[in-house]
Amino acid sequence: MRNLFLKFLAISILSITGLNAQTDKSIISDDFLDYMKLIMNRCEFGLDKSQGKFYPYSSRYGRRVAYENKVSDKSIFANGIDKKEATRRLRKNLEDIIKPLSEYLNLTYGVKSFDSLSVTQRELLIDWSYSVGMETMPKSFLETVLKSDWKTLVDNMLYVRQLEGWPDTYMNKIFGFRWINKSSKQSFKGFGN
């Protein structure tokens with residue numbers, strides 16, 4: 001009886017706090033992490049190869065370091081961060097974006113559980129939210145991803161990221177290599193799965 005009570009208590013705490021470590025870990029696969037490294041910094045700007053450390057660099061999106069979308073720790077300007085730490089920070093940042101994204105989807109579109117989306121839908125939404133900001137995600141992109149309507153997403157170029165009207169060629173090209181099958185615009189890796 002005591003074990004049953006402890007199990008119930010643990011489940012209750014997890015549901016109240018919204019914690020679900022297994023789901024968050026499974027969403028950020030190593031494959032997706034490698035893809036996000038390319039999206040965020042395919043040329044490894046700011047990497048001092050002699051030291052094996054990343055230092056902040058300027059981009060059209062502002063000051064960045066390694067695979068982050070902003071320099072969050074001022075000590076990095078002097079000390080830099082190595083690739084292992086940069087990868088750890090990217091994984092944590094991607095995991096951290098899941099909760100606000102889930103809340104937004106629930107409040108705006110009634111998506112009760114982020115887990116109910118396919119891995120592809122989750123990755124597309126995490127990708128956009130982290131790389132250019134959840135606040136910049138076009139409604140048409142979001143609604144098309146939620147409907148699993150790959151044809152519309154590709155044919156209407158809803159996936160194209162822009163800053164002040166100028167397409168981000170690198171991000172869009174990397175997206176295409178990962179998601180768009182070259183033999184058919186309507187084929188999509190894992191959509192609806």
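What you see below is based on every heavy atom in this structure, not just the backbone, and it leaves out hydrogens, waters and symmetry mates. Values in this document were obtained by computation on a predicted structure and should not be read as measured data.
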| request: Would you sort out whether R178 and D31 count as a salt bridge (Lys or Arg N to Asp or Glu O under 4.0 Å), showing the intermediate values? | output: CA-CA 10 Å; R178 177 171 174 93; D31 178 58; 2.9 Å; yes
| query | Please walk me through it: do W179 and Y35 pass side-chain contact (heavy atoms from CB on, under 4.5 Å)? | reply | CA-CA 11 Å; W179 299 112; Y35 162 75; 3.5 Å; yes
| task | Step by step, work out the salt bridge (Lys or Arg N to Asp or Glu O under 4.0 Å) result for K49 and E44. | result | CA-CA 10 Å; K49 292 182 182 179; E44 296 190 322; 5.4 Å; no
| Hey, does the side chain of N172 reach the backbone of R161 with a donor-acceptor pair shorter than 3.5 angstrom? | yes
| field | S75 and D73: side chain donor to acceptor below 3.5 Å | value | yes
| message | Using 30° and 60° as the class boundaries, would you call the ring planes of F45 and Y57 parallel, tilted or perpendicular? | response | tilted
| task | Measure the acute angle between the ring planes of W128 and F141, then classify it against the limits of 30° and 60° as parallel, tilted or perpendicular. | result | tilted
| Same cluster or not: are L94 and Y104 linked, directly or through other Ile, Leu, Val, Met, Phe, Trp or Tyr residues, by side-chain heavy atoms under 4.5 angstrom apart? | yes
| query | Is W166 linked to V132 within one hydrophobic cluster, defined over Ile, Leu, Val, Met, Phe, Trp and Tyr using a side-chain heavy-atom separation of less than 4.5 Å? | reply | no
| query | Quick one: do R88 and E85 make a salt bridge, cutoff under 4.0 Å? | reply | yes
| request: For I39 and S131, work out which heavy atoms get closest and say how close. | output: CG2-CB, 3.7 Å
| said: Between T120 and L124, is the side-chain contact (heavy atoms from CB on, under 4.5 Å) condition met? List the steps. | reply: CA-CA 6 Å; T120 300; L124 286 169; 4.0 Å; yes
